[in-house]
Amino acid sequence: MEEKNFFDKVYEVAQQIPYGRVTSYGAIAKYLGAARSARMVGWAMNNSLTKDVPAHRVVNRVGLLTGKQHFDGTNLMQQLLENEGIQVENNQIIDFQKHFWDPGKELESFY
DNA sequence: GAATTGACGTTCT
DNA sequence: AAGAACGCCAATT
């Protein structure tokens, strides 16, 4: 009953993404124990668009703003990332690995 | 109610 | 090594 669905878990992880950092769908999925459910993360983001989840900080594993087409504006997602100090060009994040935030790594490093 | 799609990533051939 | 197929869960048609 209290088992949260995959989606709910994704929301929580996405909300934990720090400012100026980005992550990938696969990273979140892997953190939840379902590396092959990366697609579901994307679906969750689609639902999270109406929530307080910074979906603009989540991109695919190449750092490509694949879901930018789901945002209102055309470059809204890109502008949000640039606003946080992340360099984006051609819908792709520059130094993606540099701004990468792995939940299964950063969070576990706390303890 | 069943079949298909969907912000991806891994695994097999 | 490169390309194709599969897998995951939920929502939509």
Side-chain angles (χ1 to χ4, degrees):
Chain A
M1 283 189 273
E2 279 138 39
E3 280 285 316
K4 292 184 180 176
N5 290 339
F6 201 94
F7 275 42
D8 294 327
K9 293 180 185 172
V10 175
Y11 300 148
E12 291 193 29
V13 176
Q15 288 176 4
Q16 290 170 44
I17 302 176
Y19 179 90
R21 284 286 167 80
V22 285
T23 187
S24 63
Y25 308 98
I28 299 175
K30 205 167 216 178
Y31 175 68
L32 300 178
R36 311 172 114 173
S37 315
R39 295 175 106 183
M40 288 20 301
V41 179
W43 265 115
M45 294 275 109
N46 204 358
N47 284 274
S48 72
L49 284 172
T50 59
K51 304 179 188 309
D52 297 327
V53 179
H56 63 273
R57 291 182 188 158
V58 184
V59 295
N60 68 359
R61 72 173 187 87
V62 241
L64 193 67
L65 281 59
T66 51
K68 94 167 218 167
Q69 67 174 328
H70 291 270
F71 283 77
D72 286 340
T74 322
N75 332 347
L76 178 62
M77 187 174 184
Q78 178 171 341
Q79 291 188 15
L80 286 170
L81 291 171
E82 288 183 336
N83 188 23
E84 296 189 357
I86 300 175
Q87 299 171 311
V88 180
E89 185 168 321
N90 194 14
N91 299 335
Q92 187 173 5
I93 298 178
I94 302 177
D95 295 326
F96 172 61
Q97 206 175 57
K98 192 162 148 187
H99 297 286
F100 188 64
W101 179 79
D102 192 335
K105 189 175 183 181
E106 303 290 326
L107 293 179
E108 284 185 48
S109 296
F110 266 97
Y111 74 99

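Sequence lines set the chain letters: A, B, ... in the order given, protein chains first and strands last, and positions in each chain run from 1. Scope of the values below: all heavy atoms of this structure, side chains included, with no hydrogens, waters or symmetry mates.
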Which nucleotide in the set C/dA10, B/dA7, B/dG9 lies at the smallest distance from any side-chain heavy atom of A/Gln69?
->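 Closest of the options to the side chain of A/Gln69: B/dA7.
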
With respect to the side chain of A/Arg61, which nucleotide from B/dT10, C/dA10, B/dA7 is positioned closest?
->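 Of the candidates, B/dT10 comes closest.
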
Nearest whole Å is fine: how far is [N] [atom2] from [X] [atom1]?
X	N	atom1	atom2	answer
A/Asn46	B/dC8	CG	C1'	14 Å
A/Tyr25	B/dA7	OH	P	9 Å
A/His70	B/dT5	NE2	C1'	12 Å
A/Ile28	B/dA7	CD1	C1'	11 Å
A/Met45	B/dT5	CE	C1'	19 Å

Taking the same atom, C1', in B/dT4 and in C/dC6, what whole-Å distance lies between them?
->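 Result for the C1' pair: 16 Å, nearest Å.
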
Distance between the P atoms of C/dA5 and B/dT5, in whole angstroms?
->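 Per the computed distance, 15 Å lies between those P atoms.
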
Nearest-0.5 Å distance that lies between atom OH in A/Tyr19 and atom CD1 in A/Ile86 =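 Between A/Tyr19 OH and A/Ile86 CD1, I get 8.5 Å after rounding to 0.5 Å.
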
A/Gln16 CD to A/Thr23 OG1 distance, which is reported to the nearest 0.5 Å =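 If I round to the nearest 0.5 Å, the distance is 11.0 Å.
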
Qualifying ring pair (Phe, Tyr, Trp, His ring centres under 6.0 Å) pairs with a residue from residues 46-99 of chain A, counting only residues at least two apart or across chains =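 Pairs touching residues 46-99 of chain A that pass the test: A/Phe96-A/Phe100.
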
A/Asp52, CG: over 12 other non-hydrogen atoms inside 6.0 angstrom |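 Result for CG/A/Asp52: open.
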
Identify all pairs in which a protein N or O lies below 3.5 Å from an N or O of nucleotides 5-9 of chain C, and state each distance.
residue	atom	partner	partner atom	Å
C/dG7	O6	A/Arg39	NH1	2.9
C/dG7	N2	A/Arg36	O	3.1
C/dC8	O2	A/Arg36	O	3.3

Within the structure shown, what part of the strands sits under 4.0 Å from A/Ala44 by heavy-atom distance: base, sugar-phosphate, or nothing?
->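 If one applies the 4.0 Å heavy-atom cut-off, A/Ala44 turns out to touch nothing in the nucleic acid.
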
Looking across every strand, which nucleic acid part, if any, lies under 4.0 Å from A/Leu64 by heavy atom: base, sugar-phosphate, or nothing?
->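 It contacts nothing in the nucleic acid.
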
Any donor-acceptor pair under 3.5 Å linking the side chain of A/Tyr25 with the backbone of A/Arg39?
->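 Answer holds: no.
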
Can any side-chain N or O of A/Asn60 pair as donor or acceptor with the backbone N or O of A/Leu64 at less than 3.5 Å?
->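 Yes; judged by distance alone, with no hydrogens or angles, the pair exists.
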
Is any NZ, NE, NH1 or NH2 atom of the basic residue among A/Glu84 and A/Arg57 found under 4.0 Å from an Asp or Glu carboxylate oxygen of the other?
->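 Salt bridge: yes.
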
